[in-house]
Undergrad: 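This is the structure I want to talk about, given as structure tokens.
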Amino acid sequence: MHNLSAVKDTLRAQRIEMPSWAFGNSGTRFKVFPQAGVPRSPYEKIADAAQVHLFTGVAPSVALHIPWDKTDYVELRKVAGDVGIELGTINANVFQDEDFMLGSVTNPDAAIRRKALDHLFECVDVMDQTGSRDLKLWFSDGTNYPGQDNIRVRQDRLAEALAAVYERLADTQRLILEYKMFEPGFYTMDVPDWGTAFAHCLQLGPRAKVCIDTGHHAPGTNIEFIVAVLLRAGKLGAFDFNSRFYADDDLMVGSADPFQLFRILFEVVLADGLAPAAEISFMLDQCHNIEPKIPAQIRSVMNVQEATAKALLVDTEALAAAQAARDVLGANAVLMDAYNTDVRPLLAELRGEQGLDVDPMAAYLRSGYGSVIVADRVGGEQAGWGA
Ligand code: LRH
Ligand code: MN
């Protein structure tokens, strides 16, 4: 059966990266509901992220989004370090500039493509200052009507820009390409699926990997199949974890479909993808439109920990034996046993051993930090997508 201390070691070493933008205001096209106490600067976002790490012990890095987090990056890195936070993945933003309405790096206009490329180069410069390993590229590029542009020519333009960025990266830096089925493009997206991202990453080279955002697939997509295939090819670089009932809802990971999250993490465990050597970045990419931001991030981290613990408790020997015996129900039962295991006592015990409160959420709420920031953060411009 299980070596629980090995399971605990893996859980203790788990690293979940916070998205800076999850601490800012967010919403839908209908309304962005501002919340009291929301950060007004990257420094306040880091301070809030540090709370998540303080109470969970497994969230020591924050992904930045440029220009939303534009600042003195060397200073930010120092201040973050002082509160135990590392600056993580750098996310480029070529989806809000008016010039990019008909595309950024795929735009028919060469000058606009150049402008987009310059922003991507600027993000590489930011990585040099923050010490970040990963540049994550998500392109809102796409079309809304058949005939609007040449699908193949846009792929050529995309490949050209990606090659230029890849060339600019240092040997220690990686390009992470994120795909998305639709929105804001409603006819085509230029990187719509894992296959397109995979093809571009293969063409680029070993430091180009694919990012799976769990909210970016057609309903009913078997995401763990994509995970298994990309892991097998050594091309899975990162996850953007969130969950959804319908589209790119960006809800708390595991809240809509905890069984799917378990199945995804089981494929990661099977491929030893939690090991630091696998170099897979586990990031949250969420928007807390109606719920308090810091507790929502804490809950999300706990959801990932619970799904991971269940995945680590799968009796893989019994599973392999049942699979070899073509015992369909037996094999499924082995997996469901793990999934139906209540891992909360195990995680509480682990937190106790880490010197953490067994219940991070209760501990955070008891700390009163939430009301302190509401009282302190008066005036100034609250952070948000500014969309
Ligand atoms: C696009 C996306 C991408 C980010 C943005 C905040 O939907 O998932 O990862 O840049 O959200
Ligand atoms: Mn994402």
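Remember, predicted model here, so these are calculated numbers, not experimental data. We count ligands from 1, going down the list as the structure has it; atoms in each ligand are counted the same way.
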Undergrad: Test Lys136 against every option in Ile90, Thr89, Leu177 by the side chain to side chain contact (heavy atoms under 4.5 Å, CB included) rule and name the one that passes.
TA: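 It is Thr89; the other options fail the test.
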Undergrad: Does Lys293 make a cation-pi contact with Phe23, if we ask for NZ or CZ under 6.0 Å from the ring centre and within 45° of the axis?
TA: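 Cation-pi check for Lys293 and Phe23: fails.
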Undergrad: Under a 4.0 Å threshold between the charged nitrogen and the carboxylate oxygen, would Arg344 count as salt-bridged to Asp342?
TA: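 Yes, charged N to carboxylate O under 4.0 Å.
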Undergrad: May I have the N/O to N/O pairs between ligand 1 and the protein that fall below 3.5 Å, each with atom names and distance to one decimal?
TA:
{"unit_1": "ligand 1", "atom_1": "7 (O)", "unit_2": "Lys180", "atom_2": "NZ", "d": "3.2"}
{"unit_1": "ligand 1", "atom_1": "7 (O)", "unit_2": "His216", "atom_2": "NE2", "d": "3.3"}
{"unit_1": "ligand 1", "atom_1": "7 (O)", "unit_2": "Asp248", "atom_2": "OD2", "d": "3.1"}
{"unit_1": "ligand 1", "atom_1": "8 (O)", "unit_2": "Glu178", "atom_2": "OE2", "d": "3.1"}
{"unit_1": "ligand 1", "atom_1": "8 (O)", "unit_2": "Asp213", "atom_2": "OD2", "d": "3.0"}
{"unit_1": "ligand 1", "atom_1": "8 (O)", "unit_2": "His216", "atom_2": "NE2", "d": "3.2"}
{"unit_1": "ligand 1", "atom_1": "8 (O)", "unit_2": "Asp285", "atom_2": "OD2", "d": "2.7"}
{"unit_1": "ligand 1", "atom_1": "9 (O)", "unit_2": "Lys136", "atom_2": "NZ", "d": "3.1"}
{"unit_1": "ligand 1", "atom_1": "9 (O)", "unit_2": "Glu178", "atom_2": "OE1", "d": "2.7"}
{"unit_1": "ligand 1", "atom_1": "9 (O)", "unit_2": "Glu178", "atom_2": "OE2", "d": "2.8"}
{"unit_1": "ligand 1", "atom_1": "9 (O)", "unit_2": "Asp240", "atom_2": "OD2", "d": "3.1"}
{"unit_1": "ligand 1", "atom_1": "9 (O)", "unit_2": "Asp285", "atom_2": "OD2", "d": "3.0"}
{"unit_1": "ligand 1", "atom_1": "10 (O)", "unit_2": "His65", "atom_2": "NE2", "d": "2.8"}
{"unit_1": "ligand 1", "atom_1": "11 (O)", "unit_2": "Asp285", "atom_2": "OD2", "d": "3.3"}

Undergrad: Can you name the side chain to side chain contact (heavy atoms under 4.5 Å, CB included) partners of Asp118, sequence neighbours left out?
TA: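 By the side chain to side chain contact (heavy atoms under 4.5 Å, CB included) rule, Asp118 matches Arg114, Phe121.
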Undergrad: So, are Glu353 and Arg12 salt-bridged, with charged N and O less than 4.0 Å apart?
TA: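 Looking at Glu353 and Arg12, the cut-off is met.
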Undergrad: With no hydrogens and no angle check, is any side-chain donor or acceptor of Gln148 less than 3.5 Å from a backbone partner on Asn144?
TA: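 It does hold such a pair.
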Undergrad: Ignoring hydrogens and geometry beyond distance, is a side-chain donor-acceptor pair present between Asp357 and Tyr364 at under 3.5 Å?
TA: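 Not at all, the side chains of Asp357 and Tyr364 share no donor-acceptor pair under 3.5 Å.
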Undergrad: Can you tell me which residue pairs pass the salt bridge (Lys or Arg N to Asp or Glu O under 4.0 Å) test with a partner in residues 204-217, sequence neighbours excluded?
TA: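 Checked against salt bridge (Lys or Arg N to Asp or Glu O under 4.0 Å) - neighbours excluded - no pair reaches residues 204-217.
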Undergrad: Ignoring waters, how many N, O or S atoms from the protein are under 2.8 Å from the Mn ion (ligand 2)?
TA: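 There are 4 of them.
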Undergrad: Kindly indicate whether a cation-pi arrangement holds for Arg263 with Phe259, taking the cut-offs as under 6.0 Å to the six-membered ring centre and within 45° of the axis.
TA: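 The answer is yes; both the distance and angle limits are met.
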